[in-house]
Amino acid sequence: MPPDVSTLIFGCGYLGSRVARRLLDRGEIVFAATRSSDRARQLQRLGCRTVVADVTEPSSLTGLPQVDRVLYAIGYDRRSDRSIQEVYAGGLQAVLDAVPPGFEKLLYISSTGVYSQTGDAWIDEQSPCEPVREGGKAALAAERVLQDHASGLRGVILRLAGIYGPGRVPYLDKMRQGEPIPSPQRGFLNLIHVEDAASIVLAALDRATPPALFCVSDGQPVKRGDYYREAAKRIGAPQPRFATDPQTPAASRASSSKRVSNRRLVEQLGVTLAFSSYREGLAAILSAESSR
C-alpha cells in the first residue's frame with residue numbers, strides 16, 4: 001500500500017493495537033478512536049493520530065477524518081453501563097452514519113459465537129447462524145447493521161474464533177498450583193493466535209473484495225482438555241485437573257461444540273499462518289514467558 005493510505009480504527013485493544021503498529025510500520029496513516037484521553041496519549045506515542053470519541057454517544061462522532069479504510073474492532077467491557085447490543089450493533093450503526101463518505105472498505109470484527117451448532121459439526125461461512133448467547137446475538141445484530149446500511153457493499157466481516165496470545169492463556173497459575181481448572185474438558189476450542197489475527201486483518205484490508213465474509217481460525221480445532229494438557233506440559237506443571245460441572249462462560253460455550261473451517265480465508269486471502277495450531281502457538285507464548 002502507498003504510504004498515504006489511511007485507516008481509522010475503533011478498538012485499539014489486544015488485536016487493534018497490533019494492527020495499528022503494523023500499519024504504522026508500513027508508513028501508513030492511522031487514526032485511532034478511543035474514549036479515554038489517557039489512552040489517546042498512549043496511542044499518540046505509538047504514532048497514531050487520535051480521536052476521542054465514544055461509539056455509544058453519536059454526538060461524539062462528529063468531525064471524523066476522511067479515510068480510506070475503517071476497522072471496527074471494539075470488544076465489550078463488562079464494566080460498562082451500556083449493553084453489549086448497544087456497543088456492537090448500536091455503536092457500529094453510529095460509526096457508519098458518522099464516517100465521511102468515500103471510504104473504500106469497512107472491516108467489522110465479529111465472532112464465531114454467531115454459530116451455536118452442537119455435535120462437533122464443521123461449520124463455515126454458509127452455515128446457519130442461530131446464536132443462543134448474548135455475545136453471539138449482539139455480533140450477529142452488528143453484522144446485519146452493516147449489511148443493511150447504505151455502505152454495506154463496502155463491508156467485510158471477519159468472524160474470529162477465540163484469540164489467544166501473550167498474556168491470554170488462562171488458568172496458568174491454577175495449573176502451576178495443581179488447582180482444578182474451572183473449565184470442562186469436553187467441547188472443541190476454535191482458536192487464532194493474535195499475531196495471525198492481525199496478519200489476517202491486514203490481508204483483508206489489502207485484498208478482500210467487499211462485500212465479503214470470512215471465518216477466521218487456524219482450522220485446527222482442539223478439545224478443551226487437550227489444550228490445557230498441552231499448556232500444562234509446556235510450563236512443567238502436573239496433568240491438569242478439571243472442576244466438575246463448572247458454572248463459567250467456558251462451560252456455557254462448551255454446550256455448542258463446533259469446528260470452524262478456515263478454507264475460504266486461506267484460498268481467497270492467501271494467508272500463511274505463523275502458528276498453524278495451538279501447539280505452535282502455546283510453545284512460542286510459554287517459552288517466551290519462561291525466559292523472562
Side-chain angles (χ1 to χ4, degrees), residues 1-13 15-35 39-40 43-44 46-75 86-111 125 139-160 197-214 216 265 268-269 271:
M1 282 287 175
D4 58 347
V5 169
S6 56
T7 303
L8 171 58
I9 301 177
F10 290 88
C12 272
L15 173 60
S17 62
R18 285 171 166 82
V19 174
R21 287 190 186 95
R22 294 198 191 190
L23 293 172
L24 291 166
D25 287 346
R26 300 196 318 191
E28 298 184 26
I29 300 167
V30 176
F31 293 90
T34 176
R35 295 176 298 167
R39 180 59 175 157
L43 292 166
Q44 288 165 6
L46 187 67
C48 298
R49 307 179 189 186
T50 56
V51 178
V52 177
D54 185 337
V55 299
T56 65
E57 296 287 348
S59 61
S60 73
L61 297 170
T62 58
L64 293 177
Q66 177 76 58
V67 293
D68 299 299
R69 296 96 55 97
V70 181
L71 172 62
Y72 195 90
I74 289 182
E86 289 177 287
V87 174
Y88 284 12
L92 183 55
Q93 180 74 60
V95 166
L96 285 164
D97 291 342
V99 172
F103 64 89
E104 300 168 1
K105 193 179 298 184
L106 185 145
L107 261 68
Y108 169 56
I109 302 299
S110 185
S111 166
E125 293 81 1
L140 186 60
E143 289 186 14
R144 289 173 176 162
V145 163
L146 176 56
Q147 291 163 339
D148 292 343
H149 196 270
S151 299
L153 291 177
R154 288 175 276 173
V156 177
I157 296 167
L158 302 182
R159 290 176 177 163
L160 265 69
S199 296
I200 290 162
V201 170
L202 263 67
L205 286 171
D206 292 345
R207 298 194 291 275
T209 301
L213 168 65
F214 297 95
V216 178
L265 173 78
Q268 294 191 14
L269 295 184
V271 175

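With rounding to the nearest 0.5 angstrom, the CG atom of Leu107 is 5.0 Å from the CG atom of Leu205. Atoms OG1 and CD1, from Thr34 and Ile74 in turn, are 9.0 Å apart once rounded to the nearest 0.5 Å. Between the CG atom in Leu265 and the CD atom in Glu125 there is a gap of 8.0 Å [rounded to 0.5 Å]. For the atom pair CG of Leu23 and CZ of Phe31, the computed distance is 12.5 Å after rounding to the nearest 0.5 Å.
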Requested in this report: With side chain to side chain contact (heavy atoms under 4.5 Å, CB included) as the test, would you mind laying out the steps for Thr209 and Gln268 before giving the verdict?
Outcome: CA-CA 10 Å; Thr209 301; Gln268 294 191 14; over 6 Å; no

Report task. Using the side chain to side chain contact (heavy atoms under 4.5 Å, CB included) rule, take Val145 and Tyr108 through it: C-alpha gap first, then chi angles, then the decisive distance, then the call. Result -> CA-CA 11 Å; Val145 163; Tyr108 169 56; over 6 Å; no

Requested in this report: Could you please spell out the steps behind the side chain to side chain contact (heavy atoms under 4.5 Å, CB included) verdict for Leu160 and Leu15?
Outcome: CA-CA 11 Å; Leu160 265 69; Leu15 173 60; 3.9 Å; yes

Query raised in the report: Does the pair Glu86 and Thr56 meet the rule for a side chain to side chain donor-acceptor pair (under 3.5 Å), with working shown?
Result: CA-CA 7 Å; Glu86 289 177 287; Thr56 65; over 6 Å; no

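Between Val52 and Arg35, the shortest heavy-atom distance links the atoms CG1-O, 3.8 Å. Annotation for Pro211 and Gly152: closest pair CB-O, 4.0 Å, computed over non-hydrogen atoms. Taking all atoms of both residues into account, the shortest heavy-atom contact from Ala53 to Leu61 is CB-CD2, 3.7 Å. For the pair Leu46 and Ser17, the tightest heavy-atom approach, listed with the atom from each and the gap, is CD2-O, 4.5 Å. The shortest non-hydrogen separation linking Ser110 to Ala139 is OG-CB, 3.6 Å. In this structure, Leu24 and Gly47 approach most closely via the heavy-atom pair CD2-O, 3.5 Å.
Residues Leu64 and Phe10 have side chains in contact (heavy-atom distance under 4.5 Å, counting atoms from C-beta outward). Between Arg21 and Val30, every side-chain heavy-atom pair lies at or beyond the 4.5 Å cut-off. The shortest distance between side-chain heavy atoms of Arg154 and Leu106 does not fall below 4.5 Å. Counting only heavy atoms from C-beta outward, the side chains of Arg39 and Cys12 approach each other to under 4.5 Å. Under the 4.5 Å side-chain criterion, counting only non-hydrogen atoms from C-beta, Ile109 is in contact with Val201. The shortest side-chain heavy-atom distance between Ser6 and Gln66 does not fall under the 4.5 Å cut-off. Two residues are said to be in side-chain contact when any heavy atoms from C-beta on lie closer than 4.5 Å; Leu202 and Arg26 meet this criterion. Val55 places a side-chain heavy atom less than 4.5 Å from the side chain of Tyr72.
For Arg144, there are no side-chain hydrogen bond (donor to acceptor under 3.5 Å, both in side chains) partners at least two apart in sequence or on another chain. Annotation: side-chain hydrogen bond (donor to acceptor under 3.5 Å, both in side chains) contacts of Thr7 (sequence neighbours excluded): Arg69.
In this structure, Glu143 pairs ionically with Arg159, as a charged nitrogen and a carboxylate oxygen lie closer than 4.0 Å.
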